[in-house]
Amino acid sequence: MKRYVIGDIHGCHDELCNLIAQILIHCKGEDFKLIFVGDYVDRGPKSKEVVDLVRRLERQGHVALMGNHEDMILAGEYMYATQTLVSFNASIHGGLPEDVTEWMRRLPKYYEDDTIIVAHAAAKPGVPMNEQADAFLMWYRYQGGQKADLGKHFYHGHTPTLGKIEQVEDRTNVDTACVYGGHLTAAIVGDDGKPEGFIQVPHKDSPYA
């Protein structure tokens, strides 16, 4: 089965639809699994549309992880959420619809299979995934060329990089800053867990298109 790890979306619904269309072309009818690293909402214009689409895909067997922006929403922190509230036609007093927050609350913090591990932000080196702290998985930022040291290739987002994909020997950062004018990126996971390529869709106003 083909696996694709998709970076931070932040309300970039049109770019997500385009990326999925490109993935469908790439997989050539084979079974595939999408793994989203989180941050579906905030900053971009179409958080509701992104959430609706990701929830539909999750019901089809794809994987959606929790990002730090979902974590903030659940904590009642709306500092970045103006666009999100507008998208859902909600107010800061009422918050998001209950079914949306309940969905966010159920999102797993990491994904692991035989060859890869995926989380939103990072994982503490050498620590089994079931012993990782949620705050580390959703909030920590790697420094420079820091390795993951988890025994499998690690995919994450959270730290936006414009115009490039950050790759270290055993980890790949798929947050390529779509909402800031960069790209929405999907890593194509090889049989050994390492990326064998990338599919990228530029933001409609991207200088990198």
Side-chain angles (χ1 to χ4, degrees), residues 4-12 15-16 19 34-44 47 50 54 63-84 104-105 107-112 116-187 189 193-195 198 200-203 206-208:
Y4 302 86
V5 181
I6 297 176
D8 303 40
I9 303 167
H10 283 302
C12 294
E15 290 82 357
L16 177 58
L19 182 67
L34 304 176
I35 306 158
F36 295 94
V37 304
D39 278 9
Y40 312 104
V41 299
D42 295 347
R43 295 196 169 108
S47 290
V50 169
V54 171
V63 177
L65 302 180
M66 186 186 293
N68 67 301
H69 281 255
E70 287 74 50
D71 190 38
M72 285 192 292
I73 292 287
L74 292 173
E77 173 56 72
Y78 292 105
M79 179 171 56
Y80 297 101
T82 301
Q83 293 269 42
T84 303
M104 289 180 177
R105 191 168 286 111
L107 291 173
K109 310 301 191 307
Y110 70 91
Y111 167 86
E112 182 174 8
I116 67 171
I117 298 171
V118 187
H120 177 66
K124 196 167 185 178
V127 176
M129 293 306 294
N130 61 358
E131 298 177 14
Q132 295 276 347
D134 288 351
F136 207 96
L137 295 174
M138 289 187 290
W139 288 92
Y140 183 79
R141 294 189 191 275
Y142 286 110
Q143 307 301 311
Q146 183 180 354
K147 292 174 63 177
D149 286 328
L150 295 168
K152 299 176 182 179
H153 199 84
F154 183 62
Y155 293 86
H156 67 95
H158 185 55
T159 302
T161 57
L162 271 168
K164 65 177 182 178
I165 298 169
E166 180 193 12
Q167 294 193 79
V168 181
E169 179 182 344
D170 66 347
R171 72 173 174 89
T172 301
N173 176 10
V174 289
D175 182 0
T176 46
C178 182
V179 77
Y180 296 116
H183 293 76
L184 187 59
T185 293
V189 180
K194 296 184 180 297
F198 300 91
Q200 292 192 294
V201 170
H203 186 275
S206 174
Y208 301 99

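Note that the numbering runs from 1 along the sequence shown for the chain.
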For Tyr155 against Ala187, the heavy-atom pair lying closest together: CE2-CB, 3.7 Å
Neighbour count above 12 (heavy atom, 6.0 Å) for Tyr80 OH: no
For Tyr140 against Ala121, the heavy-atom pair lying closest together: O-CB, 3.3 Å
Nearest heavy atoms of Gly157 and Asp8, plus distance in Å: CA-OD1, 3.4 Å
Results of ring pair (Phe, Tyr, Trp, His ring centres under 6.0 Å) for Tyr40 - residues two or more places apart only: Trp103
side-chain contact (heavy atoms from CB on, under 4.5 Å) between Thr176 and Ile165, worked out: CA-CA 6 Å; Thr176 46; Ile165 298 169; 3.8 Å; yes
Qualifying residues under side-chain hydrogen bond (donor to acceptor under 3.5 Å, both in side chains), relative to Tyr4, sequence neighbours excluded: His26
Residue that, paired with His120, satisfies side chain to side chain donor-acceptor pair (under 3.5 Å) out of Lys109, His158, Glu70, His69: His158
Shortest non-hydrogen contact between Asp149 and Asp170, atoms and distance: N-OD2, 2.7 Å
Indicate every side-chain donor-acceptor pair of residues 125-137 with a distance under 3.5 Å to a residue at least two apart or in another chain.
from   : atom 1 : to     : atom 2 : distance (Å)
Gln132 : OE1    : Lys124 : N      : 2.8
Gln132 : NE2    : Lys124 : O      : 2.9
Gln132 : NE2    : Val127 : O      : 3.0

Polar side-chain atom of Tyr142 near backbone of Ala123 as donor-acceptor pair, under 3.5 Å: yes
Qualifying residues under side chain to side chain contact (heavy atoms under 4.5 Å, CB included), relative to Ala177, sequence neighbours excluded: Pro160, Leu162, Tyr180
Non-hydrogen side-chain atoms of Asp175 and Val37 separated by less than 4.5 Å: no
side-chain hydrogen bond (donor to acceptor under 3.5 Å, both in side chains) involving Thr84 - partner list, sequence neighbours excluded: Asp42, Ser47
Partners passing side-chain hydrogen bond (donor to acceptor under 3.5 Å, both in side chains) against His153 (at least two apart in sequence or in another chain): Thr172
Qualifying residues under side-chain hydrogen bond (donor to acceptor under 3.5 Å, both in side chains), relative to Asp71, sequence neighbours excluded: Trp139
Selection residues 151-168 - residue pairs positive for salt bridge (Lys or Arg N to Asp or Glu O under 4.0 Å), sequence neighbours left out: Glu112-Lys152, Glu166-Arg171
Derivation and outcome, side-chain contact (heavy atoms from CB on, under 4.5 Å), residues Phe198 and His183: CA-CA 11 Å; Phe198 300 91; His183 293 76; over 6 Å; no
Residue pair Ala148 / Phe154: nearest heavy atoms and the distance that separates them: CB-CB, 3.8 Å
Side chain to side chain contact (heavy atoms under 4.5 Å, CB included) involving Thr159 - partner list, sequence neighbours excluded: Arg141, Asn173
Any Val63 side-chain heavy atom under 4.5 Å of Val118 side chain: no
Partner residues of Val179 under the side chain to side chain contact (heavy atoms under 4.5 Å, CB included) criterion, sequence neighbours left out: His10, Cys12, Arg43
Heavy-atom closest pair, residues Leu65 and Leu107: O-CD1, 3.9 Å
Validation row: Val54, Phe36 side chains within 4.5 angstrom (heavy atoms): yes
